[in-house]
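Structure first, commentary second.
Values in this document were obtained by computation on a predicted structure and should not be read as measured data.
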Amino acid sequence: MGIETSWKLFEVGKTRRDAGALFGEEPRNQWLDNYITMGKENPTEMEKLSLTRSNHVMLSSNVLLIQTEADTILVDTGTPPFSDGFISEEWTNSKLRSILRQQKILPTDITKVILTSLDMDHAGGMVHYDRSGKPVLAFNQATTYYHQNGCNRVRPRSVERANVAIELMEEGLTEAVTETTEISPGVFLHPVLGPSGNGAVVEISRGADRIYYLADLCPTVFHLHNEIISSFDDTPEATYTEKDRWLRAAHADGYLVMFGHGVHVKAGYIEDSKQGLRFKPVEVT
């Protein structure tokens with residue numbers, strides 16, 4: 001059997017973030033000039049965020065769908081679904097199930113789920129509420145993989161639904177990964193120590209495909225700049241080191257990089273130019 005690989009990156013919801021915290025120690029006047037909606041080009045090739053009066057921006061919650069000859073894999077599951085009637089100011093309800101229906105994929109068709117984070121904007125879609133209102137695993141035929149290094153995140157989970165999701169996952173088929181693991185032929189989960197102790201990067205290396213899904217390690221194109229590290233980060237020093245290592249590898253080996261929270265710019269290549277390194281966006285949706 002030959003190598004068959006297809007992948008698609010979907011925006012399944014939005015997350016609301018404080019703009020100052022998103023850009024960390026970057027001075028306000030600089031991120032306002034360089035990264036917020038404006039009429040001039042910027043080094044990050046046209047990613048623009050709109051700022052609300054309350055100093056917030058809306059980021060995308062992205063999910064990567066990988067289909068091979070053997071598996072149908074979801075990398076992350078996005079924000080929580082609407083089916084429990086819960087409304088939050090921090091995120092919009094997930095469109096993942098409807099997107100999968102459009103792709104003619106049933107929840108039972110998903111064979112593996114890779115979570116790059118256990119936060120609600122990555123693992124929220126793990127829970128589905130049935131007609132009786134009972135929480136159940138959304139992908140009950142899938143094995144779920146995540147990085148577990150023996151330490152909990154410093155910041156507590158923000159809502160009870162996060163605990164519900166984790167408890168349901170523990171009842172299902174799960175594999176806690178502590179080292180680089182080949183989840184499916186040519187699909188790897190790489191544990192990383194930023195922005196939390198339980199982060200992960202996903203690599204696709206199959207046929208002609210060379211992809212790094214950087215998730216929260218480099219959540220947007222803006223975070224390609226090494227000095228921009230979110231204030232939400234539990235381990236900024238580790239993030240700085242890990243991010244630099246993965247971006248150097250992506251440049252050296254010609255990998256497509258994908259962002260877990262990119263809005264308009266979700267993926268692209270780091271390339272050489274006469275002016276030095278530049279980022280070339282690629283349309284992936």
Side-chain angles (χ1 to χ4, degrees), residues 7-16 59-67 71-84 86 88 90-130 134-148 153 157-177 183-184 187 189 195-196 198-202 204 211 213-217 219 258-262 266 284-285:
W7 52 265
K8 294 180 181 178
L9 188 68
F10 297 106
E11 178 184 303
V12 302
K14 295 282 192 182
T15 60
R16 183 173 177 265
L59 301 179
S60 295
S61 182
N62 298 321
V63 169
L64 178 61
L65 171 68
I66 307 169
Q67 292 178 283
D71 287 303
T72 299
I73 305 167
L74 285 179
V75 180
D76 290 336
T77 61
T79 53
F82 178 75
S83 55
D84 65 345
F86 181 68
S88 172
E90 300 304 314
W91 59 74
T92 63
N93 292 299
S94 175
K95 300 179 290 185
L96 178 58
R97 290 177 74 87
S98 64
I99 289 173
L100 290 177
R101 282 196 299 270
Q102 293 169 11
Q103 301 296 312
K104 299 183 174 7
I105 297 174
L106 298 173
T108 52
D109 293 332
I110 304 299
T111 59
K112 294 174 180 177
V113 175
I114 303 173
L115 297 177
T116 63
S117 166
L118 296 181
D119 286 350
M120 288 302 286
D121 51 348
H122 295 266
M126 288 297 296
V127 176
H128 171 67
Y129 287 78
D130 64 19
K134 177 184 176 181
V136 295
L137 282 174
F139 310 104
N140 57 14
Q141 300 301 308
T143 301
T144 301
Y145 301 83
Y146 64 96
H147 172 203
Q148 176 61 54
R153 184 155 194 177
R157 304 187 195 286
S158 56
V159 294
E160 179 61 27
R161 281 157 185 78
N163 295 325
V164 171
I166 299 304
E167 290 170 3
L168 285 173
M169 284 171 52
E170 291 174 349
E171 295 175 5
L173 298 172
T174 62
E175 290 197 22
V177 171
I183 303 302
S184 184
V187 180
L189 184 158
S196 69
N198 301 102
V201 164
V202 174
I204 302 176
I211 298 169
Y213 180 81
L214 298 177
D216 277 349
L217 185 65
M258 292 184 175
F259 309 114
H261 295 289
K266 299 182 184 295
V284 293
T285 56

Nearest heavy-atom pair of [X] and [Y]: which atoms, and what distance?
X	Y	value
P219	F259	O-CB, 3.2 Å
A200	A215	O-CB, 3.9 Å
H261	T15	ND1-OG1, 4.2 Å
T77	M126	OG1-N, 3.3 Å
A138	P107	O-CB, 3.4 Å
Y146	T174	CE2-CB, 4.4 Å

Looking at [X] and [Y], would you say the former's side chain and the latter's main chain have a donor-acceptor pair under 3.5 Å?
X	Y	result
N198	H147	yes
K266	L9	no
T79	T92	yes
H122	L115	no
N62	G262	yes

Heavy-atom side-chain contact between [X] and [Y] under 4.5 Å:
X	Y	answer
L65	L74	yes
S61	K14	no
D109	L100	no
I204	L64	yes

Atom pair [atom1]/[atom2] of [X] and [Y] - distance to nearest 0.5 Å:
X	Y	atom1	atom2	result
R97	L106	CZ	CG	9.5 Å
F10	Q102	CZ	CD	8.0 Å
D216	D76	CG	CG	8.0 Å
M258	I211	CE	CD1	4.5 Å
I105	F139	CD1	CZ	10.0 Å
M120	E90	CE	CD	12.0 Å

*Apply the test side-chain contact (heavy atoms from CB on, under 4.5 Å) to residues V187 and V75: give CA-CA distance (whole Å), side-chain angles for both, the deciding distance (0.1 Å), then the verdict.*
CA-CA 10 Å; V187 180; V75 180; 5.8 Å; no
*Which is it for T108 and N140 under the side-chain contact (heavy atoms from CB on, under 4.5 Å) test, yes or no, and what are the steps along the way?*
CA-CA 7 Å; T108 52; N140 57 14; 4.0 Å; yes
*Residues S184 and D71: side-chain donor-acceptor under 3.5 angstrom*: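 Side chains of S184 and D71: pair found under 3.5 Å.
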